[in-house]
Amino acid sequence: MKRSVCLSAVVAVLLMGTVVWSQSTAAGTRQGTLDRSSDLLRLLRPPSAAAGSKVVMNASGTITEPLASAHIYKFATTDYPGASSSQTTGNGNGMAVGIFNYGSGSGTQAFTYKGGVYSTLTVPGSTATAAFSVNSLGQIVGGYVDNSSVTHGFVDTAGAFTQVDFPGAVATIVTDMNTAGDMAGIWQDATTSHGFIDKGGVFTSVDFPGATTTQAAGINGADEVVGLYVDASSVEHGFILSGGAYTQLDPPQSTSTIAFGVNDAGTISGSYVDASSVEHGFLYSGGIFNRVDVAGAKGTQLTHIPNKGAFAGYFMDQLDEIHGVTGH
């Protein structure tokens with residue numbers, strides 16, 4: 001089963017901390033929320049795996065059919081204590097961030113993990129908070145739902161929260177922020193979602209040519225942006241926006257791709273679905289894709305990659321449980 005979606009018929013539902021698919025009666029139904037139905041959170045969803053699929057590994061724990069030369073990655077889980085599901089979205093300045101839940105009906109919460117200590121992160125006055133990234137200065141970005149069920153982006157600088165809204169949007173999420181304070185994110189109008197760049201309070205919409213929807217996920221110090229777009233056939237592709245030029249980014253054998261993070265060296269992290277409907281993480285650098293899979297997992301997704309330290313991600317185990325992870 002491909003994870004590509006027709007936006008006029010399907011909306012993403014953030015339920016119990018992971019994204020699942022739900023039929024919608026019309027385009028735009030229940031838009032502007034973060035906790036129950038938000039197209040803005042399509043980047044965060046359970047890794048896919050074909051029914052009855054098996055993960056084939058060699059003795060070292062690496063996949064036997066890599067896209068490039070074999071690499072062995074070391075992983076550490078970052079599961080919020082007692083949570084039934086955790087997704088790690090970013091890692092920087094010695095801190096990991098992500099989202100978690102305690103089970104059915106518990107709602108989504110954001111977390112931080114630093115120095116061996118887990119803490120919840122809640123925007124004051126919000127009903128739901130999702131943390132998407134943390135930069136090398138320790139600034140955290142994401143989205144939250146206010147008491148009127150409207151989704152806003154936010155920046156958390158040492159506990160001081162700043163609201164971010166794309167002009168005229170019905171909903172906004174900040175997905176990444178570089179050390180200069182330039183931001184990438186997603187904004188939604190009445191029918192679909194778009195990416196954006198915010199440089200010093202000046203917003204520019206990011207829309208891949210010919211796409212039905214675009215979502216910007218990562219930005220580096222050179223203001224290069226990566227993300228995903230959906231084409232006219234409802235297939236998801238990764239993209240790079242650099243110097244005003246858009247480039248499609250799809251690993252070999254991919255049927256669906258998300259480019260999620262990019263660091264200052266130009267290394268891109270993300271995930272793709274292969275022809276067997278199994279999801280793999282990837283790192284892309286110097287024109288070469290390297291597949292990244294947590295050993296024994298049904299599916300793996302990579303999220304943001306910092307300039308230094310471990311990349312972030314999450315995986316589905318053999319019991320279909322979702323775990324946050326960092327790796328290098």
Side-chain angles (χ1 to χ4, degrees), residues 2-7 12 19 39-45 48 67 89-90 132-133 141 166 172-178 182-189 192-199 203-274 279-292 301-305 311-313:
K2 296 183 179 180
R3 63 176 174 178
S4 307
V5 295
C6 178
L7 296 181
V19 178
D39 186 56
L40 302 178
L41 285 165
R42 291 170 61 243
L43 293 168
L44 296 177
R45 58 180 153 223
S48 56
L67 299 180
T89 54
F132 261 79
S133 183
V141 298
F166 189 93
T172 303
I173 286 179
V174 181
T175 53
D176 201 10
M177 179 177 180
N178 64 25
D182 300 336
M183 290 178 270
I186 307 164
W187 70 278
Q188 191 157 355
D189 60 22
T192 192
S193 56
H194 314 263
F196 73 81
I197 300 173
D198 174 9
K199 297 178 65 175
F203 289 85
T204 302
S205 188
V206 173
D207 293 282
F208 194 94
T212 60
T213 186
T214 303
Q215 299 185 358
I219 186 170
N220 66 11
D223 288 333
E224 294 174 315
V225 172
V226 300
L228 71 88
Y229 76 93
V230 180
D231 67 20
S233 299
S234 300
V235 177
E236 288 181 354
H237 306 274
F239 76 86
I240 306 168
L241 173 59
S242 178
Y246 289 88
T247 302
Q248 181 176 319
L249 183 72
D250 290 315
Q253 306 169 19
S254 169
T255 62
S256 177
T257 304
I258 295 175
F260 206 110
V262 57
N263 65 15
D264 290 353
T267 301
I268 297 171
S269 53
S271 61
Y272 72 97
V273 177
D274 66 20
E279 190 150 24
H280 310 276
F282 73 81
L283 294 174
Y284 175 77
S285 180
I288 297 174
F289 287 94
N290 284 295
R291 192 164 75 186
V292 182
Q301 291 194 16
L302 301 192
T303 50
H304 284 112
I305 180 170
F311 53 77

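All values below were derived from every heavy atom in this structure, side-chain atoms included, with hydrogens, water molecules and symmetry-related copies excluded. Since the model is a prediction, treat every value here as computed from it, not as a measurement.
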- Message: In the structure I gave you, are the side-chain heavy atoms of I186 and H194 within less than 4.5 Å of one another anywhere?
- Response: no
- Looking only at heavy atoms, what is the nearest atom pair of A259 and I268, with distance? CB-CG2, 4.1 Å
- Item | Donor-acceptor pair, side chain of D198 and main chain of F203, under 3.5 angstrom | no
- Query: Within the distance-only criterion (no hydrogens, no angle test), does the side chain of S269 pair as donor or acceptor with the backbone N or O of T303 below 3.5 angstrom?
  - Reply: yes
- Is there a donor-acceptor pair closer than 3.5 Å between any side-chain N or O of T175 and the backbone N or O of A184? yes
- Item | Contact summary for K199 and D182, nearest pair of heavy atoms | CA-OD1, 3.6 Å
- Any donor-acceptor N/O pair, T172 side chain to F166 backbone, under 3.5 Å: yes
- Query: Which heavy-atom pair separates L302 from F260 by the least distance, and what is that distance?
  - Reply: O-CB, 3.8 Å
- Query: Which heavy-atom pair separates V174 from F196 by the least distance, and what is that distance?
  - Reply: CG2-CZ, 4.4 Å
- Measure the CD1-OG1 distance between I288 and T267 for me, rounded to the nearest 0.5 Å. 11.0 Å
- Message: Determine whether the aromatic ring centres of residues F311 and H304 are separated by less than 6.0 angstrom.
- Response: no
- Item | Pairwise side-chain contact, V262 with V225, heavy-atom cut-off 4.5 Å (strictly under) | no
- Roughly how far, to the nearest 0.5 Å, is CD1 of I173 from CG of L40? 4.5 Å
- How long is the span from the CG atom in L249 to the CZ atom in F282, to the nearest 0.5 Å? 5.0 Å
- Message: How long is the straight-line distance from CD1 of I305 back to CG of N263, given to the nearest 0.5 Å?
- Response: 5.0 Å
- Message: Between V206 and I197, is there a side-chain heavy-atom distance shorter than 4.5 Å?
- Response: yes
- Item | Counterpart residues, salt bridge (charged side-chain N to carboxylate O under 4.0 Å, His left out), relative to D264 (two or more places apart) | none
- Without swapping roles, check the side chain of S271 against the backbone of G281 for a donor-acceptor pair under 3.5 Å. no
- Results of side chain to side chain donor-acceptor pair (under 3.5 Å) for S254 - residues two or more places apart only: T257
- Test H237 against every option in Y229, Y272, F208 by the ring-ring contact (aromatic ring centres under 6.0 Å, His included) rule and name the one that passes. Y229
- Item | Nearest heavy atoms of D176 and I219, plus distance in Å | OD2-N, 3.0 Å
- Task: With the side chain counted from C-beta on, respond yes when D250 and Q248 share a heavy-atom pair under 4.5 Å apart, and no when they do not.
- Result: yes
- Message: Assess, by modelled atom type and distance only, whether the side chains of N178 and N220 contain a donor and an acceptor separated by less than 3.5 Å.
- Response: no
- Task: Determine the interplanar angle of the F239 and Y246 rings, folded into 0 to 90°, and report it as parallel if under 30°, tilted if 30 to 60°, perpendicular if over 60°.
- Result: tilted
- Message: I'd like to know if R45 pairs up with E236 as an ion pair, taking the criterion as any Lys NZ or Arg NE/NH1/NH2 lying under 4.0 Å from an Asp or Glu carboxylate oxygen.
- Response: yes
- Establish, from distance only, whether the side-chain atoms of S193 and T213 form a donor-acceptor pair under 3.5 Å. yes
- Task: Give me the one residue out of R291, H280, Q253 that meets side chain to side chain donor-acceptor pair (under 3.5 Å) with D274.
- Result: H280
- Side-chain donor or acceptor of T192 paired with backbone N/O of T212 under 3.5 Å: yes
- Note on the structure: Between L43 and A217, the two heavy atoms sitting closest are CD1-CB, 3.9 Å
- Task: Determine whether L228 and T214 make a side-chain contact, defined as any pair of heavy atoms from C-beta on separated by less than 4.5 Å.
- Result: no
